[in-house]
*Asks:* 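This is the structure I have questions about; it appears just below.
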Amino acid sequence: MTIAIHVENLTRRFGDLVAVDHISFEIGQGEIFGLLGPNGAGKTTTLSMLATMLKPSEGNATVNGIDVEKDEDGVRRLIGIVFQYQSLDEELTAWENMDFHGRLYRLPTDVRNQRIGELLALVELADRKDDIVKTFSGGMRRRLEIARGLLHHPAVQFLDEPTLGLDPQTRNHLWQYIATLSKEKGITIILTTHYMEEADRLCNRVAIIDHGKIIALDTPSNLKDGIGGDVVTIKSTDTAAIVETLKEPWINRVDTHEGEVVISLRNAEQHLSTIVTLLVARQIPISSISIHKPTLEDVFLSFTGKSIREQEAGTADILRQQMKMMRRH
Amino acid sequence: MDIIYTIWLRSMKRFIRSKSRIIGSIAMPLFFLLFLGFGLNSVVSLPGLGGNYIVFLIPGMVAMSVLFTSVFSGIQIIWDKQFGFLKETLVAPVSRLEIMLGQTAGGATTAVVQGLMILILSILIGLSIQSIPGFLIAIGFMVLIGIGFTAFGIAIASSMEDMNGFQLIMNFVIFPIFGLSGALFPISSLPGWKESGTGSPESRRSIRLSALRSSGVSRLR
């Protein structure tokens, strides 16, 4: 496997805040790689450093062998990026925004026009191509932005929260298009997301990132296997007693979390009746029980002890501070 | 060159679409011209320039229109920063110089176009064109003012985040330039110590304006 991106001890500080903390990873050519984590975890900062928008405080990174600090223009020629926040010209039409981009990347006129037509059709904006972006809804702008990012078929494509705020149907279309793009053109794709489903469906490998550190990195299925089988969630007023009671050898892991007990075990269906019998025997109240196959959400929970949503509430302030500082750079 | 053209093209599209901006930026010099011109015409008699103050004022107002539009076109950079569009150009494989030149070309073109509009409107209030070469030289100087001050505005704007701040700072810079340029009165009527301030931006600009005046526009009457 040829290495497309190599990151070693990459660190970025904003004042006292360490947004990205000595992370290292490698991404192979043609891979779809996901950075998964709550807002403010350092995903966008990592992406910005790889895309030469932000200087690393420490460590180094290369894109197709080119150092992001030493040869910014060389890297820029190879990459495409879809930003998390809007970067369209609102006074121009959809077509003109695309055309501007195509010209900046020096696409010949015929290729440019053909691709713009194709991509606008893909994101279902073909009938609005001559309307000024100011009149577009949030979802339409997002779709246009993604279409624009894909216009020049870069060797490495960065997507920062590509489907944030999109309806499920468009999201599905885009996932398909991204997957096809990577397969047919061999484009390496790095995306950040806090949608578990997106990471799960689209990515070959996922790095779970929290507080600027990578806490797990593997294929989605390995990550889910790693937490030890199925997940049984019991809601109860006496979680401590449940933890006390369930000491069976076939239980891999027991965590309590917000009035719920989360149990990992193999073949949950077979063991469920035993669990219930044990709890009833000790007269522990049960409000509800559910079984589900593990998701990346469970993986995140098992590594951090928090769900992504809770984590986001806590990092909102840090995020705001970070945004302020990013704008200054 | 393609890149400079691309960025210039974007400025032109935005310019043509913002009718209110065009009207607004023509209005101020035009009002100056009408109110000061007609109001002071009978009161002011300029030494050595004959009686007609309006005709003295026209080149000054044309230059003012070019000057203000070009300096404030730097604000586009700050808009682009705030609305995220600048990122789009900054991550593209284009040099910073090309971006800057494209923006300058765009700003200067809008400024000169607006100056020409004032010039054309002045024909309605008494300007008559006497020599074609003089007229062309005048346009040449308008282009120079446009390019020089757009570049200056962009230079200041690229190190700023705040639009209001930019406007305040630019007013601070531009009103002395305008006031001392000789647009409203001949420089020779200033006290001697001001007039001899060679090398300052004011005097450099007044030289340009005198050039504009002597090269054509005032002779166009």
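So that the names make sense, note that chain A is the first sequence line, chain B the second, and so on, each numbered from 1. As the structure is a computational prediction, the values presented were derived from the model and not from experiment.
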*Asks:* Against chain B, label H152(A) side chain, backbone, both or neither, depending on which of its atoms sit under 4.5 Å from a heavy atom there.
*Replies:* neither
*Asks:* Among the options V75(A), D73(A), L92(A), N97(A), pick out the one with the most heavy-atom pairs lying under 4.5 Å from chain B.
*Replies:* L92(A)
*Asks:* Any idea which heavy atoms bring L90(B) and R76(A) closest together, and the distance?
*Replies:*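 Smallest heavy-atom distance, with atoms named: O-NE, 3.2 Å.
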*Asks:* Please flag which part of I132(A) lies under 4.5 Å from any non-hydrogen atom of chain B: side chain, backbone, both or neither.
*Replies:* side chain
*Asks:* Which answer fits F100(A), side chain, backbone, both or neither, if we ask what part of it has an atom under 4.5 Å from a heavy atom of chain B?
*Replies:*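 Both parts, heavy atoms under 4.5 Å.
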*Asks:* Just so I understand: if I count every heavy-atom pair under 4.5 Å between each of E88(B), E98(B), K13(B) and chain A, which residue has the most?
*Replies:* E88(B)
*Asks:* Tell me whether the rings of W79(B) and F83(B) are parallel (<30°), tilted (30 to 60°) or perpendicular (>60°).
*Replies:* parallel
*Asks:* Tell me, side chain or backbone of L9(B) under 4.5 Å from chain A's heavy atoms, or both, or neither?
*Replies:*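 L9(B) touches chain A through side-chain heavy atoms alone.
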*Asks:* Less than 4.0 Å between a side-chain N and a carboxylate O, is that true for E58(A) and R13(A)?
*Replies:* yes
*Asks:* Select, from V91(B), V94(B), I3(B), the one with the greatest count of heavy-atom pairs under 4.5 Å involving chain A.
*Replies:*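 Among V91(B), V94(B), I3(B), the one with the most close pairs to chain A is V91(B).
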*Asks:* Give the C-alpha distance, both sets of side-chain angles, the deciding distance and a yes or no for side-chain contact (heavy atoms from CB on, under 4.5 Å) between R10(B) and D80(B).
*Replies:* CA-CA 12 Å; R10(B) 165 180 179 247; D80(B) 286 350; 2.9 Å; yes
*Asks:* Under 4.5 Å between any side-chain heavy atoms of R142(A) and Q86(A), yes or no?
*Replies:* no
*Asks:* Hey, are the side chains of R14(B) and D89(A) touching, using non-hydrogen atoms and a 4.5 Å cut-off?
*Replies:*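 The answer is yes; the side chains approach within 4.5 Å.
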